[in-house]
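Down below is the structure, laid out as structure tokens.
FYI, side chains are in, hydrogens and waters are out, and symmetry mates aren't considered; it's all heavy atoms of this structure. Below, read A as the first sequence line, B as the second, and so on, with proteins coming before strands; counting in each chain starts at 1.
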2 protein chains.
Amino acid sequence: MPRNRQEIDREDKIEEILQAAERTLRRAGYDGLSFGALASELHLARGALYWYFPTKDDLFVAAAARVFAEALSDPPHRAGHVRRITWAVEQLAILEPLSAALHDRARHSAGAAALERAIQEEMCSRLRDLLRGRIEAARLNDVADAIVVFAQGLLAMPLDQAERAARLRFLLSELVPT
Amino acid sequence: MPRNRQEIDREDKIEEILQAAERTLRRAGYDGLSFGALASELHLARGALYWYFPTKDDLFVAAAARVFAEALSDPPHRAGHVRRITWAVEQLAILEPLSAALHDRARHSAGAAALERAIQEEMCSRLRDLLRGRIEAARLNDVADAIVVFAQGLLAMPLDQAERAARLRFLLSELVPT
DNA sequence: ACCTGAACACCGTTCAAGT
DNA sequence: ACCTGAACACCGTTCAAGT
């Protein structure tokens, strides 16, 4: 009955595992992502998964990368900069437990650290594009960096959506000329 | 040989456990803080610790509270506001893995959430005192909140000390009149 | 009231043995 | 090349049994 030897090639199998891992990650977070649960969902032995992902961190990072990429795809079209930044913060706020887990694993796993940096640099570069016309060139990098740091702080604190939005509006009103 | 029945009273025993837990937390972080390791260090059975701390979260929060309190005690006397804020950020940066763990546990443990809030409110209130003479009263709360959010963001990002200081200086130069 | 030692149900990871 | 099933060394937590 195991239809998994040469009949399914490696990349398809990896895709299948990643889809299940992504689902588990969304539903139960990092702690809920276990090789045991995943294996039984995929009708595999626990050890078999190590053939595809040599480490829990490898599996986690690969699945998390997909979740983040999806969350940050199609930002609101032609909205003002405040609304666009608020949108990004709220998208990340939904994934906050995932961000926290990624940050935690980044201390032990080079892959996790790389993904964390990549997400933050993506945010920075989008911000610079968004603010380029609106801010003098000399301040652009500092302001973009500051907003990313601030956004990261908003996510790390136990605030609700309204508080996040209010504090973000205050910062933007201070840093970005109207 | 067990000199622990009525000979040592409860509070002293708790103090002894907390000291060991604090040491373990500083050396090995949240993951390294295990009832097993702690018990063998204290020459106790694993189960005995549950008599004093019903849950790992209870033990962790109690030990972490001491670590944070110590780290934030005696701030630099009569320094400028930039140096004092930088000092606090660096003190917390040293404990960043602990902050991350606390934030993670705050989702599952009310005690962890309470400690996290308490630390942040302590920072906020110190900041307000520090900036009170320097900022118009109407902006004081917003600026203090913003700086705390920013500081939290600095800690959540993989930056070195120089980068943290530079970004903090930029923010303060924007928010606090010289 | 406090402690022991065993048990339970999990982990991530490894590995000999199979196909 | 892929998979199984058992093993290893851990977890946090519970609990009957002792003092």
Just grab all the salt bridge (Lys or Arg N to Asp or Glu O under 4.0 Å) pairs involving residues 116-127 of chain B, residues at least two apart or on different chains. Glu122(B)-Arg126(B)
Check DNA chain D against residues 22-40 of chain B and give the residues with a non-hydrogen atom under 4.0 Å, in numerical order. Leu33(B), Ser34(B), Phe35(B)
What I'd like to find out is whether the side chain of Ile94(A) reaches to under 4.5 Å of the side chain of Gln91(A), using heavy atoms alone. yes
On the nucleotide dC2(D), are OP1 or OP2 found under 4.0 Å from the side-chain N or O atoms that Trp51(A) carries? yes
Name all pairs fulfilling the salt bridge (Lys or Arg N to Asp or Glu O under 4.0 Å) condition that reach into residues 149-170 of chain A, sequence neighbours left out, sorted by first residue then second. Glu90(A)-Arg164(A), Arg167(A)-Asp145(B)
Nearest whole angstrom, please: distance from the P of dC2(D) to the CD of Glu11(A). 11 Å
When you measure from the side-chain N and O atoms of Tyr50(A) to the phosphate of dC2(D), is any distance below 4.0 Å, counting only OP1 and OP2? no
Go through the structure and list residues passing side chain to side chain donor-acceptor pair (under 3.5 Å) with Glu174(B), not counting sequence neighbours. Arg139(A)
Could you run through DNA chain C and flag its stems, i.e. three or more consecutive Watson-Crick or G-U pairs with both distances under 3.5 Å? C:4-8 with D:12-16, C:12-16 with D:4-8
Not counting sequence neighbours, list each pair that qualifies as a salt bridge (Lys or Arg N to Asp or Glu O under 4.0 Å) and has a residue in residues 41-51 of chain B. Arg23(B)-Glu41(B)
Could you state the CG-P distance from Leu59(A) to dT13(C), rounded to the nearest angstrom? 10 Å
Take atom CG of Asp58(A) and atom C1' of dT13(C), then tell me their distance rounded to the nearest Å. 13 Å
Considering residues, nucleotides and ligands other than Arg66(B), do more than 12 of their heavy atoms fall under 6.0 Å from its CZ? yes
What integer distance in Å separates His108(A):NE2 from dG12(C):C1'? 14 Å
What's the closest nucleotide to the side chain of Tyr52(A) if the choices are dT4(C), dC3(D), dT13(C)? dC3(D)
Would you mind reading off the distance between Arg105(A) atom CZ and dG12(C) atom P, rounded to a whole angstrom? 10 Å
Just to confirm, is there a sub-4.0 Å distance from OP1 or OP2 of dC3(D) to any side-chain nitrogen or oxygen of Lys13(A)? yes
Starting at atom CZ of Phe60(A), determine the distance to atom C1' of dG12(C), rounded to an integer number of angstrom. 15 Å
Is any side-chain N or O of Arg10(A) closer than 4.0 Å to OP1 or OP2 of dC2(D)? yes
Closest of dG12(D), dG12(C), dC3(C) to the Lys56(A) side chain is dG12(C)
Rounded to whole Å, please give me the gap between CZ in Arg46(A) and C1' in dC2(D). 18 Å
For Arg10(A), check side chain to side chain donor-acceptor pair (under 3.5 Å) against everything at least two apart and list the hits. none
Is there any ring pair (Phe, Tyr, Trp, His ring centres under 6.0 Å) pair reaching into residues 67-104 of chain A, and which pairs are they, with sequence neighbours excluded? none
Starting from P on dC11(C), measure out to CG on Leu49(A) and report it in whole angstrom. 13 Å
Contacts of Glu96(B) that satisfy salt bridge (Lys or Arg N to Asp or Glu O under 4.0 Å) - sequence neighbours left out: Arg107(A)
